[in-house]
**Q** 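Below is the structure I would like to discuss, written out as C-alpha coordinates.
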Amino acid sequence: MVKALIVEDNETSGKLLQAILGAEGFETALAADGQEALKILESQKVDCIVSDVMMPNIDGYRLIYKVRRDSRLKSIPFIMYTAASLSREDEEFAMRLGVNKYIRKPGNAKDIVQAIHELLPSSGNG
(Lines give C-alpha, C1' and ligand atoms only; values in the text may rest on other atoms or scores of the structure.)
Protein backbone atom coordinates (compact mmCIF):
# COMPACT_ATOMS: atom_id res chain seq x y z
CA MET A 1 0.00 0.00 0.00
CA VAL A 2 1.28 3.46 -0.90
CA LYS A 3 1.78 5.81 2.04
CA ALA A 4 1.47 9.56 1.50
CA LEU A 5 2.66 12.16 3.97
CA ILE A 6 0.35 15.19 3.90
CA VAL A 7 1.93 18.39 5.24
CA GLU A 8 -0.79 20.98 5.79
CA ASP A 9 -1.25 23.54 8.57
CA ASN A 10 -4.98 23.96 7.91
CA GLU A 11 -6.52 21.07 9.83
CA THR A 12 -9.69 20.99 7.72
CA SER A 13 -7.73 20.87 4.46
CA GLY A 14 -5.43 18.20 5.84
CA LYS A 15 -8.28 15.98 7.00
CA LEU A 16 -10.10 16.42 3.68
CA LEU A 17 -6.98 15.40 1.77
CA GLN A 18 -6.54 12.40 4.09
CA ALA A 19 -10.13 11.33 3.42
CA ILE A 20 -9.76 11.69 -0.36
CA LEU A 21 -6.48 9.77 -0.49
CA GLY A 22 -7.81 7.17 1.94
CA ALA A 23 -10.83 6.60 -0.30
CA GLU A 24 -8.41 6.00 -3.18
CA GLY A 25 -6.65 3.28 -1.20
CA PHE A 26 -3.66 5.26 0.08
CA GLU A 27 -2.40 5.11 3.64
CA THR A 28 -1.70 8.60 5.00
CA ALA A 29 0.18 10.43 7.72
CA LEU A 30 -0.62 14.06 8.53
CA ALA A 31 1.83 16.74 9.69
CA ALA A 32 0.86 20.31 10.62
CA ASP A 33 4.13 21.81 9.33
CA GLY A 34 7.53 20.93 7.92
CA GLN A 35 9.07 20.43 11.34
CA GLU A 36 6.47 17.78 12.23
CA ALA A 37 6.90 16.25 8.77
CA LEU A 38 10.63 15.80 9.31
CA LYS A 39 9.94 14.03 12.62
CA ILE A 40 7.52 11.66 10.87
CA LEU A 41 10.07 11.04 8.10
CA GLU A 42 12.65 10.02 10.72
CA SER A 43 10.43 7.21 12.01
CA GLN A 44 8.13 6.19 9.14
CA LYS A 45 8.64 5.17 5.53
CA VAL A 46 6.52 7.17 3.12
CA ASP A 47 6.20 6.81 -0.64
CA CYS A 48 5.34 10.43 -1.44
CA ILE A 49 4.92 13.84 0.18
CA VAL A 50 2.08 16.29 -0.51
CA SER A 51 2.90 19.65 1.04
CA ASP A 52 1.49 23.13 1.37
CA VAL A 53 3.95 26.05 1.10
CA MET A 54 2.96 28.58 3.76
CA MET A 55 3.21 26.92 7.18
CA PRO A 56 4.63 27.83 10.58
CA ASN A 57 8.09 26.68 11.73
CA ILE A 58 9.35 25.06 8.51
CA ASP A 59 7.53 26.03 5.30
CA GLY A 60 7.18 23.93 2.16
CA TYR A 61 10.25 25.42 0.49
CA ARG A 62 12.51 24.66 3.43
CA LEU A 63 10.95 21.20 3.73
CA ILE A 64 11.72 20.24 0.12
CA TYR A 65 15.22 21.69 0.52
CA LYS A 66 15.85 19.49 3.58
CA VAL A 67 14.26 16.38 2.02
CA ARG A 68 16.34 16.65 -1.16
CA ARG A 69 19.56 16.93 0.87
CA ASP A 70 18.89 13.84 2.99
CA SER A 71 20.25 10.69 1.34
CA ARG A 72 17.46 8.57 2.85
CA LEU A 73 14.67 10.87 1.65
CA LYS A 74 15.91 12.55 -1.53
CA SER A 75 14.19 10.18 -3.96
CA ILE A 76 10.69 10.53 -2.42
CA PRO A 77 8.31 12.18 -4.90
CA PHE A 78 7.24 15.62 -3.62
CA ILE A 79 4.00 17.32 -4.66
CA MET A 80 3.49 20.94 -3.70
CA TYR A 81 -0.22 21.77 -3.29
CA THR A 82 -0.72 25.42 -2.47
CA ALA A 83 -2.85 28.50 -2.82
CA ALA A 84 -0.29 30.81 -1.26
CA SER A 85 2.23 31.02 -4.09
CA LEU A 86 0.60 31.61 -7.41
CA SER A 87 3.33 33.29 -9.41
CA ARG A 88 5.27 31.52 -12.14
CA GLU A 89 8.48 32.49 -10.29
CA ASP A 90 7.31 30.70 -7.13
CA GLU A 91 6.51 27.57 -9.11
CA GLU A 92 9.88 27.67 -10.89
CA PHE A 93 11.66 28.17 -7.55
CA ALA A 94 9.87 25.13 -6.12
CA MET A 95 10.80 23.03 -9.15
CA ARG A 96 14.46 24.08 -8.84
CA LEU A 97 14.39 22.94 -5.21
CA GLY A 98 13.24 19.50 -6.37
CA VAL A 99 9.44 19.51 -6.35
CA ASN A 100 8.10 16.89 -8.79
CA LYS A 101 4.61 18.39 -9.26
CA TYR A 102 3.16 21.80 -8.42
CA ILE A 103 -0.62 21.88 -8.05
CA ARG A 104 -2.54 25.05 -7.27
CA LYS A 105 -5.42 25.28 -4.79
CA PRO A 106 -8.26 25.28 -5.08
CA GLY A 107 -7.73 22.38 -7.36
CA ASN A 108 -9.48 19.13 -7.86
CA ALA A 109 -8.11 16.73 -5.25
CA LYS A 110 -8.20 14.09 -7.99
CA ASP A 111 -5.28 16.01 -9.53
CA ILE A 112 -3.23 14.96 -6.50
CA VAL A 113 -4.31 11.35 -6.87
CA GLN A 114 -3.39 11.47 -10.57
CA ALA A 115 -0.01 13.06 -9.74
CA ILE A 116 0.75 10.30 -7.23
CA HIS A 117 -0.09 7.65 -9.84
CA GLU A 118 2.17 9.42 -12.36
CA LEU A 119 5.07 9.69 -9.92
CA LEU A 120 4.60 6.17 -8.51
CA PRO A 121 3.47 3.99 -11.42
CA SER A 122 3.23 0.99 -9.08
CA SER A 123 0.60 2.83 -6.98
CA GLY A 124 -2.32 1.65 -9.06
CA ASN A 125 -3.94 2.16 -12.40
CA GLY A 126 -2.12 5.45 -13.12
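Keep in mind it's a predicted model, so treat the numbers as computed, not measured.
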**Q** The criterion is side-chain hydrogen bond (donor to acceptor under 3.5 Å, both in side chains); which residues satisfy it with D111, sequence neighbours excluded?
**A** none
**Q** V7 and side chain to side chain contact (heavy atoms under 4.5 Å, CB included): which partner among I49, L30, I58?
**A** I49
**Q** To the nearest 0.5 Å, what is the distance between CD1 on I103 and CD on Q114?
**A** 8.5 Å
**Q** Spell out, as yes or no, whether a donor-acceptor pair under 3.5 Å connects the side chain of D47 to the backbone of K3.
**A** yes
**Q** At what distance, to the nearest 0.5 angstrom, does CG of N57 lie from CG of L63?
**A** 12.0 Å
**Q** Measure the NZ-CD distance between K66 and Q35 for me, rounded to the nearest 0.5 Å.
**A** 9.0 Å
**Q** Who are the side-chain hydrogen bond (donor to acceptor under 3.5 Å, both in side chains) partners of E36, not counting sequence neighbours?
**A** none
**Q** Give a yes or no on whether a salt bridge exists between E42 and K39, defined as a side-chain N under 4.0 angstrom from a carboxylate O.
**A** no
**Q** For Y65, what residues pass the ring pair (Phe, Tyr, Trp, His ring centres under 6.0 Å) criterion, not counting sequence neighbours?
**A** none
**Q** Heavy atoms only: give me the nearest P56-A32 pair and the separation to one decimal.
**A** CD-O, 4.5 Å
**Q** Can you measure from CD (Q44) to CG (L5) and round to the nearest 0.5 angstrom?
**A** 8.0 Å
**Q** Locate the shortest heavy-atom distance separating A31 from A37; write the atom from each residue and the value.
**A** CB-N, 3.5 Å
**Q** After noting the C-alpha distance and the side-chain angles of E8 and M55, does the key distance pass the side chain to side chain contact (heavy atoms under 4.5 Å, CB included) rule?
**A** CA-CA 7 Å; E8 171 63 68; M55 298 177 290; 5.8 Å; no
**Q** Return yes if a side-chain donor-acceptor contact under 3.5 Å exists between T28 and Q18, otherwise no.
**A** yes
**Q** Would N10 and D52 count as a side chain to side chain contact (heavy atoms under 4.5 Å, CB included) here? Give the steps.
**A** CA-CA 9 Å; N10 180 304; D52 192 5; 6.0 Å; no
**Q** Let me confirm one number: the CG-NE2 distance from L119 to H117, rounded to the nearest 0.5 Å.
**A** 11.0 Å
**Q** Under the side-chain hydrogen bond (donor to acceptor under 3.5 Å, both in side chains) test, which residues partner D59, sequence neighbours left out?
**A** none
**Q** Hey, could you give me the CD1/SG distance between I116 and C48, rounded to the nearest 0.5 Å?
**A** 4.0 Å
**Q** Anything under 3.5 Å between a donor and an acceptor, one on a side chain of residues 72-81, the other on a protein residue two or more places apart or in another chain? List them.
**A**
residue, atom, partner, partner atom, Å
R72, NH2, D70, OD2, 3.2
Y81, OH, G107, O, 3.4

**Q** For a quick test of your reading: what N or O donor-acceptor pairs under 3.5 Å do the side chains of residues 20-27 make, sequence neighbours left out?
**A**
residue, atom, partner, partner atom, Å
E24, OE2, K110, NZ, 2.5

